[in-house]
Amino acid sequence: MKTELPERLNIADWLLDARVREGRGDRPALLTDQGTLTYREVQALANRFGHLLKRAGVEPEQRSSSRCPTGRSS
């Protein structure tokens, strides 16, 4: 994996899209207690989230935040 960051960083491209372009799309990218997701699967989820933000009115280069669950409930 490339360790030098580009001048303008697109984190989704650097972490996901580049791995898929390199032919690593079917390799494990994310391991959770509920299973494993490949780079291609995580890429698809990231794209869905990006389209959701766009439909919500978030513009390119505009900052936004999201909240994710912390894990299983007791």
Side-chain angles (χ1 to χ4, degrees):
M1 189 162 149
K2 184 178 173 184
T3 56
E4 257 185 62
L5 295 177
E7 189 174 317
R8 284 188 60 114
L9 178 64
N10 177 329
I11 197 74
D13 182 68
W14 194 65
L15 292 176
L16 298 173
D17 300 341
R19 304 298 79 80
V20 173
R21 283 193 303 271
E22 293 168 355
R24 299 178 184 181
D26 294 326
R27 292 187 182 179
L30 185 62
L31 307 173
T32 73
D33 59 346
Q34 296 182 4
T36 302
L37 293 172
T38 65
Y39 282 101
R40 196 176 323 282
E41 291 169 325
V42 176
Q43 180 189 44
L45 291 171
N47 287 338
R48 284 180 59 196
F49 186 64
H51 289 290
L52 180 128
L53 290 172
K54 187 175 182 179
R55 285 193 306 272
V58 178
E59 299 287 331
E61 304 295 324
Q62 181 180 4
R63 293 180 187 206
S64 64
S65 66
S66 60
R67 183 173 179 261
C68 298
T70 57
R72 285 194 239 186
S73 300
S74 309

So which heavy atom on Leu16 is nearest to which on Tyr39, and how close?
-> CD2-CD2, 4.2 Å

Closest approach of Thr38 to Ala29 (non-hydrogen atoms, all atoms of both residues) | C-CB, 3.7 Å

Quickly, which of Asn47, Leu45, Leu53 forms a side chain to side chain contact (heavy atoms under 4.5 Å, CB included) with Phe49? Name it, please.
-> Leu53

Going from OG on Ser64 to CD on Gln62, what distance comes out if it is rounded to the nearest 0.5 angstrom?
-> 7.0 Å

Less than 4.5 Å apart, any side-chain heavy atom of Asp13 and any of Gln43?
-> no

Is the number of heavy atoms from other residues, nucleotides or ligands within 6.0 Å of CZ (Arg21) greater than 12?
-> yes

Taking NZ, NE, NH1 and NH2 as the nitrogens, is one of them in Asp17 or Arg40 under 4.0 Å from a carboxylate oxygen of the other?
-> no

Give a yes or no answer on whether the side chain of Arg19 reaches the backbone of Trp14 with a donor-acceptor pair at less than 3.5 Å.
-> yes

